[in-house]
Engineer: 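Just passing along the structure, written as structure tokens.
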Amino acid sequence: MLPWFARLQPGAVLVWTLLFLGGVVMVTPLVLMFSTSLKSAGQIYDLRFIPAEPTLNNYVRVLADGWFLRWFMNSMIVAVCVTVSNVFFDSLVGYTLAKFKFRGRYIIFIAILSTLMIPTEMLVIPWYLMSAQFGWLDTYWGIMFPGMMTAFGTFLMKQFFETVPDDFIEAARVDGMNEFMIWWKVAMPLVTPALSALAIFTFLGNWTAFFWPLIVTTSRDLYTLPVGLSSFAVEQSIQWEMIMTGAALATIPTLIVFLVLQRFIVRGVMLAGLKG
């Protein structure tokens with residue numbers, strides 16, 4: 001009996017080959033980064049993927065630096081708080097727009113969606129002026145407030161809440177539940193895939209955010225991990241093994257999230273495309 005790859009059509013073989021080559025191209029820099037983080041200074045220009053004498057000394061040195069752990073915790077605080085806020089407010093607004101009939105709701109929905117057409121770079125100046133006026137510069141709130149609620153999340157949740165049968169909502173009202181409890185106990189459990197996708201994308205987006213945290217923070221104590229790593233790279237400009245170690249440590253949480261929640265990420269991408 002022929003192996004499975006021998007039974008593939010020529011077109012399928014070409015597709016699989018291109019996918020494999022594309023995967024190799026994308027994964028190679030990541031593998032090289034982790035490989036370099038395990039090398040000593042004398043092995044940096046040895047391009048072998050498996051170091052001749054691997055060492056964890058670089059990780060010990062980076063973790064011994066109190067700044068790195070501080071930046072790690074800042075990124076974790078920001079990413080978790082913004083994710084929780086998005087899941088709560090985006091789903092609440094999406095439910096309201098999907099299940100309540102009131103004058104002007106389509107105008108409100110279009111106004112929310114229109115913000116997706118504005119480049120982030122154009123919003124930075126208003127955000128900064130607002131932060132300066134209210135004293136939010138160099139604060140956690142200043143870093144978080146632009147992403148506490150998003151138009152994409154509202155759109156995604158509205159599309160999913162529209163698939164929830166109205167009969168369930170009416171039955172809950174007949175039973176005497178208030179609107180908030182109907183949203184929380186009846187509607188929310190029925191859109192778990194959308195909530196999972198929204199939470200994952202929001203967390204990863206805020207974990208890797210660089211542009212806005214760089215602008216709104218000047219205190220080293222409040223740097224998030226991407227901003228801190230950029231300053232770390234300047235300080236360690238000739239120690240590539242240390243720079244790669246810091247980058248590897250920053251990448252590990254995102255890899256864990258992807259590996260653990262891979263099926264939710266894939267399902268979220270598929271559902272977001274179908275609902276869009």
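Side chains included, hydrogens not; waters and symmetry mates left out as well; all remaining heavy atoms used.
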Engineer: With a cut-off of 6.0 Å (strictly less than), are more than 12 heavy atoms of other residues, nucleotides or ligands near CZ of Phe102?
Structural biologist: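 Counting other residues, nucleotides and ligands, CZ of Phe102 exceeds 12 neighbours.
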Engineer: Could you tell me whether the side chain of Trp136 and the main chain of Ile143 form a donor-acceptor pair under 3.5 Å?
Structural biologist: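 No.
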Engineer: Within the supplied structure, the quantity of interest is the number of heavy atoms (other residues, nucleotides, ligands) at a distance under 6.0 Å from Leu116 CG; does it exceed 12?
Structural biologist: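 Atom CG in Leu116 is packed in, count exceeds 12.
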Engineer: Search all heavy atoms of Ala199 against all heavy atoms of Val87 and return the closest pair with its distance.
Structural biologist: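 It is CB-CG2, 3.9 Å.
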Engineer: Could you check whether any side-chain heavy atom of Leu195 comes within less than 4.5 Å of a side-chain heavy atom of Ser91, counting everything from C-beta outward?
Structural biologist: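 The answer is yes; the side chains approach within 4.5 Å.
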Engineer: Tell me whether Tyr128 is reachable from Phe210 by hopping between hydrophobic residues (I, L, V, M, F, W, Y) whose side-chain heavy atoms are closer than 4.5 Å.
Structural biologist: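 No; tracing contacts between hydrophobic side chains, which count when under 4.5 Å, never links both residues.
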Engineer: Under the 3.5 angstrom rule, does the side chain of Thr202 hit a backbone N or O of Leu198 as a donor-acceptor pair?
Structural biologist: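 Yes, the answer is positive, given that a donor and an acceptor are paired below the 3.5 Å cut-off.
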Engineer: Are Tyr59 and Leu38 packed together at the side-chain level, in the sense that at least one heavy-atom pair is separated by less than 4.5 angstrom?
Structural biologist: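 Yes, their side chains come closer than 4.5 Å.
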Engineer: If I take atom CG from residue Leu92 and atom CE from residue Met157, how far apart are they, to the nearest 0.5 angstrom?
Structural biologist: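 The CG atom of Leu92 sits 10.5 Å away from the CE atom of Met157.
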Engineer: Over all heavy atoms of both residues, which pair between Pro51 and Ser35 is shortest? Give the atoms and the distance, please.
Structural biologist: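 Here Pro51 and Ser35 meet closest at CG-O, 3.6 Å.
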Engineer: Is the Trp71 to Phe68 ring centre distance short of 6.0 Å?
Structural biologist: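 For Trp71 and Phe68, the ring centres are not under 6.0 Å apart.
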Engineer: Quick check: does any side chain N or O of Asn74 sit under 3.5 Å from a backbone N or O of Asp221, one acting as donor and the other as acceptor?
Structural biologist: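 Judged by distance alone, yes, a pair lies under 3.5 Å.
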Engineer: Do the ring centers of Trp207 and Phe72 come within less than 6.0 Å of each other?
Structural biologist: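 When the ring centroids of Trp207 and Phe72 are compared, they turn out to be within the sub-6.0 Å range.
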Engineer: Closest approach of Lys39 and Asn58, non-hydrogen atoms and distance?
Structural biologist: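 So the two residues come closest at O-ND2, 2.7 Å.
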Engineer: Which atoms form the tightest heavy-atom contact between Lys185 and Met177, and what is the distance?
Structural biologist: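 Between these two residues, the closest heavy atoms are CB-CE, 4.1 Å.
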Engineer: How close do Gln43 and Ala52 get, counting heavy atoms only, and between which atoms?
Structural biologist: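 Looking at all heavy atoms of both residues, the closest pair is OE1-N, 3.4 Å.
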Engineer: Has Lys99 got its NZ or CZ under 6.0 Å from the middle of the six-membered ring of Phe161, at an angle within 45 degrees of the ring axis?
Structural biologist: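 No, Lys99 does not lie over the aromatic ring of Phe161.
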Engineer: Please collect all salt bridge (Lys or Arg N to Asp or Glu O under 4.0 Å) contacts where either partner lies in residues 172-182, sequence neighbours excluded, each pair once.
Structural biologist: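 For residues 172-182: Glu170-Arg173, Arg173-Glu179.
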Engineer: Does Ile252 have more than 12 heavy atoms from other residues, nucleotides or ligands lying within 6.0 Å of its CD1?
Structural biologist: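 For Ile252, atom CD1 is crowded (more than 12 foreign heavy atoms under 6.0 Å).
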Engineer: Would the number of heavy atoms belonging to other residues, nucleotides or ligands and lying under 6.0 Å from CZ of Phe34 be above 12?
Structural biologist: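 For Phe34, atom CZ is crowded (more than 12 foreign heavy atoms under 6.0 Å).
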Engineer: Taking side chain as C-beta onward, heavy atoms only, is Ser131 less than 4.5 Å from Trp212?
Structural biologist: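 In short, these two side chains touch, coming nearer than 4.5 Å.
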Engineer: Is it the case that over 12 heavy atoms from other parts of the model lie below 6.0 angstrom from the CH2 atom of Trp127?
Structural biologist: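 Yes, because the 6.0 Å sphere around CH2 of Trp127 holds more than 12 heavy atoms from other groups.
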Engineer: Do Thr217 and Tyr223 have a side chain donor and acceptor closer than 3.5 Å?
Structural biologist: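 No donor-acceptor contact under 3.5 Å links the two side chains.
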Engineer: Mind checking what makes salt bridge (charged side-chain N to carboxylate O under 4.0 Å, His left out) contact with Asp167, not counting sequence neighbours?
Structural biologist: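 Residues passing salt bridge (charged side-chain N to carboxylate O under 4.0 Å, His left out) with Asp167: none at all.
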Engineer: Would you check if there is a donor-acceptor pair between the side chains of Asp90 and Thr150 at a distance under 3.5 Å?
Structural biologist: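 Yes, side-chain donor-acceptor contact under 3.5 Å.
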Engineer: What pair of heavy atoms forms the shortest contact from Val186 to Ala172, and how long is it?
Structural biologist: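 Closest approach of Val186 to Ala172: CG2-CB, 4.0 Å.
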